[in-house]
Q: 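One structure is given below, represented as structure tokens, and several questions about it will come after.
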Amino acid sequence: MKQAQSEVSGIVEAGLPGLNVKRRSGMTMQSRLKRAWRRSKYLWLLFLPCLLYYAIFKYAPMFGLVITFKNYNVFKGIWASEWVGFKYYRMFFENPDFWVLMKNTVLLGVYKLVFGFPAPIILALLLNEVRNAVFKKWVQTVSYLPHFISNVIVASMVIMFLSPNGGIINELITALGGKPVNFMMEPGWFRPVYVLSEIWQHIGWETIIFLAALTAVDPQLYEAASIDGANRWRKLWHVTLPGIAPTIMIILILDIGKVLEIGFEKVFLMYNPAIYDTADIISTYVYRVGMEQGNFSYASSIDLFMGVISFIFIFSANFISRRLGGTSLW
């Protein structure tokens, strides 16, 4: 018995230094955190406005989502309003326009993804091959500028350019022997016009990300490819694209999550009752229901439904990307 007690006391005594080491290492980590805070406190101060923005305008309003389950009355307030459960969700699903709105929203988002996502990648790859620095900067500047034009001006420009009376596009069609086309009154033309205007407006700005990714590709890989006899196409296919593949996947995942979040402003400014069959999307319908009719609970229910669908899209895209290529957001 005494021998066992002595062995236990020996083990405890032997373990004490280890415990002291852990405590010292814990104190060391705490001091490191303090030093890191002192060194980067100004960076945290710079980050503070962004944190407050998301906390105040993104997370705090989520408290109001409870009105999607209530018959919200402005005068009664949120908590005193009558609880109706999933009434407004059923109302939206049973709405005869539900499938039309979903179809228009999904098609517009998919077209923008299919044609708009590769556009900045292609432009970045082309600019990367340009050797004339002056011409390269000029192209970059010209392609960036439309991003800073407001949607109101862009929509006005599109309507004027496509006008059947004096519009530059119809003037060109007439000069070539064709007949003027009233693009903004033809339902079939709305989606191409919207997608092309989106590409023109944002292609230069989105190219910045891919140009930055191209600078991170190791130049020695190009030298090794040249030694092996690879031409420009082979270098592009086997060196450049694999080098920026992680960036492409991250941007693709984010864009898939935004397929249903079609910009309300430009669609609202460009559409009219004559082209509702293809131009009326969920965000414009929510505006009419919420702002014009004052049915805030119904509009919030639709918006929450779209948010859930977008989350499912981005989560699925992230899962597939992680399984296939190992690149993911989380």
Side-chain angles (χ1 to χ4, degrees), residues 105-155 157-158 161 190-219 221-222 232-267 269-270 281 310 313-314 316-318 320-322 324-329:
T105 306
V106 171
L107 285 179
L108 205 60
V110 169
Y111 288 164
K112 184 181 175 182
L113 180 67
V114 171
F115 298 103
F117 175 73
I121 301 175
I122 295 172
L123 180 59
L125 294 174
L126 292 174
L127 289 174
N128 190 53
E129 296 296 325
V130 174
R131 297 293 175 259
N132 189 325
V134 176
F135 177 74
K136 183 177 181 178
K137 291 181 179 179
W138 180 79
V139 173
Q140 286 179 297
T141 303
V142 171
S143 61
Y144 294 164
L145 289 178
H147 176 77
F148 301 99
I149 303 176
S150 69
N151 286 325
V152 176
I153 297 177
V154 171
M157 291 171 62
V158 170
F161 290 163
F190 177 78
R191 290 171 187 148
V193 169
Y194 176 85
V195 173
L196 288 174
S197 67
E198 280 287 294
I199 294 174
W200 171 77
Q201 186 177 4
H202 301 296
I203 184 173
W205 183 258
E206 294 172 354
T207 301
I208 297 175
I209 300 174
F210 299 105
L211 287 174
L214 286 169
T215 60
V217 179
D218 191 353
L221 296 176
Y222 291 105
R232 282 193 173 186
W233 172 253
R234 290 294 181 183
K235 292 178 183 178
L236 173 66
W237 188 255
H238 295 288
V239 179
T240 306
L241 286 178
I244 64 174
T247 303
I248 293 175
M249 289 306 303
I250 295 298
I251 301 300
L252 178 60
I253 292 171
L254 294 174
D255 285 353
I256 290 175
K258 295 185 291 185
V259 165
L260 300 182
E261 298 179 6
I262 301 299
F264 161 77
E265 296 88 356
K266 187 182 290 186
V267 175
L269 292 167
M270 290 175 58
I281 60 176
S310 297
F313 279 1
I314 194 171
S316 302
N318 186 77
I320 295 172
S321 175
R322 185 173 65 248
L324 295 180
T327 302
S328 62
L329 288 173

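Bear in mind the structure is a predicted one, so any value in this text is a computation, not a measurement.
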Q: Please determine whether side-chain contact (heavy atoms from CB on, under 4.5 Å) holds for the pair Val267 and Phe264, giving the CA-CA distance in whole Å, both sets of side-chain angles, and the decisive distance to 0.1 Å.
A: CA-CA 5 Å; Val267 175; Phe264 161 77; over 6 Å; no

Q: Which value, rounded to the nearest 0.5 Å, describes the distance between Ile253 atom CD1 and Arg322 atom CZ?
A: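 Going from CD1 on Ile253 over to CZ on Arg322, the span is 9.0 Å.
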
Q: Donor-acceptor check, side chain of Ser197 to backbone of Tyr194, threshold 3.5 angstrom: yes or no?
A: yes

Q: Apply side chain to side chain donor-acceptor pair (under 3.5 Å) to Thr207 and Tyr144, showing your working.
A: CA-CA 9 Å; Thr207 301; Tyr144 294 164; over 6 Å; no

Q: Can you name the closest pair of heavy atoms from Pro246 and Gly243 and give their distance?
A: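 Here Pro246 and Gly243 meet closest at CD-O, 4.0 Å.
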
Q: Under the salt bridge (charged side-chain N to carboxylate O under 4.0 Å, His left out) rule, collect the residues that match up with Lys137, sequence neighbours excluded.
A: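 Partners of Lys137 under the salt bridge (charged side-chain N to carboxylate O under 4.0 Å, His left out) test: none.
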
Q: So how far is it from Leu211 CG to Glu206 CD, rounded to the nearest 0.5 Å?
A: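 Answer rounded to 0.5 Å: 12.5 Å.
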
Q: Between atom OG1 of Thr215 and atom CG of Asn128, what is the distance when rounded to the nearest 0.5 Å?
A: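 Thr215 OG1 to Asn128 CG: 9.0 Å, rounded to 0.5 Å.
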
Q: For the pair Ser143 (side chain) and Val139 (backbone), establish whether a donor and an acceptor sit closer than 3.5 Å, ignoring hydrogens and angles.
A: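 A pair under 3.5 Å: yes.
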
Q: Step by step, would you call Ile314 with Ile256 a side-chain contact (heavy atoms from CB on, under 4.5 Å)?
A: CA-CA 6 Å; Ile314 194 171; Ile256 290 175; 6.0 Å; no

Q: Go through it in stages, so that I can follow the logic: the residues are Val154 and Trp200, the test is side-chain contact (heavy atoms from CB on, under 4.5 Å), and I'd like the CA-CA distance, side-chain angles, deciding distance and then a yes or no.
A: CA-CA 10 Å; Val154 171; Trp200 171 77; 4.2 Å; yes

Q: Once you round to the nearest 0.5 Å, how far does CG of Leu108 lie from CG of Leu113?
A: 12.0 Å

Q: Between the side chain of Gln201 and the main-chain N/O of Ile149, is any donor-acceptor distance below 3.5 Å?
A: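 Such a contact is found between Gln201 side chain and Ile149 backbone.
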
Q: Provide the full list of salt bridge (Lys or Arg N to Asp or Glu O under 4.0 Å) pairs with a residue in residues 106-119, sequence neighbours left out, each pair given once.
A: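 Passing the test, one end in residues 106-119: Lys112-Glu198.
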
Q: Please report the shortest heavy-atom distance between Ser310 and Gly257, naming the atom on each side.
A: CB-O, 3.3 Å

Q: Using side-chain contact (heavy atoms from CB on, under 4.5 Å), reason through Leu125 and Leu214 one step at a time and then give a plain yes or no.
A: CA-CA 8 Å; Leu125 294 174; Leu214 286 169; 4.2 Å; yes

Q: Give, for atom OG1 of Thr240 and atom CH2 of Trp233, the distance between the pair rounded to the nearest 0.5 Å.
A: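 These two atoms lie 11.0 Å from each other.
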
Q: In terms of ring plane angle, is the pair His147 and His202 parallel, tilted or perpendicular, where the classes change at 30° and 60°?
A: perpendicular

Q: So how far is it from Ile122 CD1 to Ile203 CD1, rounded to the nearest 0.5 Å?
A: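 Nearest 0.5 Å value for the CD1-CD1 distance: 8.0 Å.
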
Q: Flag the pair Lys266 / Leu269 as yes when at least one side-chain heavy-atom distance between them is below 4.5 Å, and no otherwise.
A: no

Q: Side chains of Phe210 and Ile248: closer than 4.5 Å at any heavy-atom pair?
A: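 Side-chain contact under 4.5 Å: yes.
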
